[in-house]
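Along the sequence shown, residues are numbered consecutively beginning with 1.
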Amino acid sequence: MKCRVCRGPAVIDIRRHNANFCEEHFLRLCRDQVVKAVHEFDMLRPTDRVLVAVSGGKDSLALWDILLELGYRVDGLYLGLGIGSYSNDSGAFARRFAAERSVTLHEIDLLRTHGFDVPYGSRAAKRAPCSACGLSKRHLFDQAALEGDYDAVATGHNLDDEAAVLMGNVLHWQTEYMARQHPVLPAGDGFPRKVKPLVRLGERETAAYCVLRGIEYQLDECPMAEGNKHLRYKDALNDIERASPGAKFDFFFGYLSRAADRFADADAGRRDLGICIRCGAPTTADVCAFCRLTERATSAQPVHFDRTRRRSAPSPTPEAAAP
Ligand code: SF4
Ligand code: ZN
Ligand code: ZN
């Protein structure tokens, strides 16, 4: 197996490129794909201050590393979700990455700052864990970016993620979500700009990037992910990709270039926005979805098998309860 560029020994084959790459040229390929995505979708300017949503997994750490290598001013934000040892380990990987490079990692602990964590809060609010988790992440990353005067929030969504989300949206014809499925969401109406610079890289590539760069990351899957439909869609797309290399890329990028415009009018998400009377975030209701989640997640005291931890859990902080 020889590198397509230098004919030296290859370390990875990428079937959708019909090519193999040595370490040096694979790492260059990853950076080039990010540069291409950033330019193609006008994601970032050289002077932008960027906040990376860091989970401690391969994608967000690879993204942070690549953006630093490309010379962007990037800080990280890790959100402690309170998912037992999974969250503890994920936070440790994020902290180690930041300490090794002497870069800034902000941290928000959901339980300490808002009075609930994902396992108990989602149960108390009667929401699926991933739904409560996703809502919390979106709200708190947006809020932190605006308060910290960052120009953009960058997330580690890769090609596999985007293709799986698109597949779910198409299967159920969720046209409103399809209209918003773009590698860039511009700033406005109280939202920061949101960018996905890894959209041209698959998750096998971000994992290989981390291994070759010596980046340690959370290998375990989140224990709350069971039942998450997107994992099933990823499996289905991986089967298709095996039979037809490049199918995922064509599916997602073909949608962007040939079909996304047709659904633009379905995006009602940013119309008629007001301001949450509790936190000031943009919302279509009086109280935003995150404040409603916080209220429901902290109003009930779910029975917990670990009584020590339940007793030690702090009550909602003023930020969570105050208007
Ligand atoms: Fe959150 Fe669900 Fe992802 Fe776990 S799998 S981190 S609960 S969104
Ligand atoms: Zn090479
Ligand atoms: Zn609110």
Legend entry - In one Ile/Leu/Val/Met/Phe/Trp/Tyr side-chain cluster, 4.5 Å: I83, L135: yes
Inset, instruction - Assess whether side chain to side chain contact (heavy atoms under 4.5 Å, CB included) is satisfied between S136 and L110, documenting all intermediate values. - result: CA-CA 8 Å; S136 303; L110 196 53; 4.2 Å; yes
Legend entry - Selection residues 216-252 - residue pairs positive for ring pair (Phe, Tyr, Trp, His ring centres under 6.0 Å), sequence neighbours left out: H230-Y233, F249-F253
Legend entry - Non-hydrogen side-chain atoms of D160 and N238 separated by less than 4.5 Å: yes
Legend entry - From CZ (R112) to CG (D117), nearest 0.5 Å: 12.0 Å
Inset, instruction - Specify the closest pair of heavy atoms between A10 and N20, including all atoms of both residues, with the distance to one decimal. - result: CB-CB, 3.5 Å
Inset, instruction - Nearest 0.5 Å please: distance from the CG atom of L105 over to the CZ atom of R96. - result: 13.5 Å
Legend entry - Flag, side chain of S60 to backbone of S55, donor-acceptor distance under 3.5 Å: yes
Legend entry - Spatial distance of atom CG (L171) from atom NZ (K229) [nearest 0.5 Å]: 10.5 Å
Inset, instruction - Measure the shortest side-chain to side-chain distance between Q33 and V35 over non-hydrogen atoms and say whether it is less than 4.5 angstrom. - result: no
Inset, instruction - Treat each ILVMFWY residue as a node, draw an edge where side-chain heavy atoms are under 4.5 Å apart, and state whether L159 and I66 are in one component. - result: yes
Inset, instruction - With rounding to the nearest 0.5 Å, note down the distance linking CG in L81 to CE in M224. - result: 10.0 Å
Legend entry - Shortest non-hydrogen separation from L273 to F191 and the atoms involved: CD1-CE1, 3.8 Å
Legend entry - Side chains of L63 and P197 in contact at under 4.5 Å (non-hydrogen atoms): yes
Inset, instruction - Using the test side chain to side chain contact (heavy atoms under 4.5 Å, CB included), find all partners of R193 that sit at least two apart in sequence or belong to another chain. - result: L44, R45, D48, D151, A152, V184, A187, V195
Inset, instruction - Go through the side-chain N and O atoms of N158 and D59 and say whether any donor and acceptor fall under 3.5 Å apart. - result: yes
Inset, instruction - Answer yes if L29 and V38 sit in the same cluster of Ile, Leu, Val, Met, Phe, Trp and Tyr residues linked by side chain heavy atoms under 4.5 Å apart, and no otherwise. - result: yes
Legend entry - For the student: nearest non-hydrogen atoms of C210 and K58, plus distance: SG-O, 3.4 Å
Legend entry - Check against ring pair (Phe, Tyr, Trp, His ring centres under 6.0 Å), Y177 and H172: CA-CA 10 Å; Y177 294 151; H172 301 287; over 10 Å; no
Inset, instruction - Please examine the side chains of Y78 and S90, heavy atoms only from C-beta on, and report whether any two atoms are closer than 4.5 Å. - result: yes
Legend entry - H114 and F290 aromatic ring geometry - parallel, tilted or perpendicular at 30°/60° bounds: perpendicular
Inset, instruction - For residues R242 and D239, determine if any side-chain heavy atom of one lies less than 4.5 Å from a side-chain heavy atom of the other. - result: yes
Legend entry - Exercise: identify the closest heavy-atom pair between C6 and C22: SG-SG, 3.8 Å
Legend entry - Side-chain (R213) to main-chain (D65) donor-acceptor, under 3.5 angstrom: no
Inset, instruction - Assess whether side chain to side chain contact (heavy atoms under 4.5 Å, CB included) is satisfied between I215 and Y209, documenting all intermediate values. - result: CA-CA 8 Å; I215 299 169; Y209 179 90; 4.2 Å; yes
Inset, instruction - Return yes if some donor-acceptor pair links the side-chain N/O of Q218 with the main-chain N/O of Y86 below 3.5 Å, else return no. - result: yes
Legend entry - Between SG on residue C133 and CG on residue N228, distance to nearest 0.5 Å: 10.0 Å
Legend entry - Cluster check L140, V54: I/L/V/M/F/W/Y, side chain < 4.5 angstrom: no
Legend entry - Carboxylate-amine/guanidinium contact E162 K248, below 4.0 Å: no
Legend entry - Which atom of D161 lies closest to which atom of G156, heavy atoms considered: OD2-O, 3.9 Å
Legend entry - Any donor-acceptor N/O pair, R296 side chain to K126 backbone, under 3.5 Å: no
Inset, instruction - Give the cluster check for F26 versus L67: same hydrophobic cluster or not, with ILVMFWY residues linked at side-chain heavy-atom distances below 4.5 Å. - result: yes
Inset, instruction - Inspect the contact between D149 and R49 and indicate whether a charged nitrogen and a carboxylate oxygen are less than 4.0 angstrom apart. - result: no
Legend entry - Test: R101 cationic atom under 6.0 Å from F97 six-membered ring centre, within 45° of axis: yes
Inset, instruction - Sorted by first residue and then second, give each side-chain hydrogen bond (donor to acceptor under 3.5 Å, both in side chains) pair with at least one member in residues 251-262; sequence neighbours left out. - result: none
Inset, instruction - Measure the spacing between NZ of K234 and CD of E241 and express it to the nearest 0.5 Å. - result: 13.5 Å
Legend entry - Under-4.0 Å salt bridge between E205 and R200: no
Legend entry - Flag if over 12 foreign heavy atoms under 6.0 Å of CG, L231: yes
Inset, instruction - Would you mind reporting whether L77 and E107 have side-chain heavy atoms less than 4.5 Å apart? - result: no
Inset, instruction - Check whether any side-chain heavy atom of D286 lies under 4.5 Å from a side-chain heavy atom of C276, and answer yes or no. - result: no
Legend entry - Step-by-step side chain to side chain contact (heavy atoms under 4.5 Å, CB included) determination, R31 to E69: CA-CA 8 Å; R31 289 181 201 120; E69 289 280 304; 3.5 Å; yes
Inset, instruction - Evaluate the criterion side chain to side chain contact (heavy atoms under 4.5 Å, CB included) for residue pair V170 and M178; output intermediate values, then yes/no. - result: CA-CA 8 Å; V170 170; M178 288 164 73; 3.9 Å; yes
Legend entry - Pair K194 + D142, salt bridge at N-O below 4.0 Å: yes
Inset, instruction - Could you pull out the closest heavy-atom pair between S122 and A132, with the gap in Å? - result: CB-CB, 3.8 Å
Inset, instruction - Could you check if a side-chain atom of V103 sits within less than 4.5 angstrom of a side-chain atom of D75, using non-hydrogen atoms only? - result: no
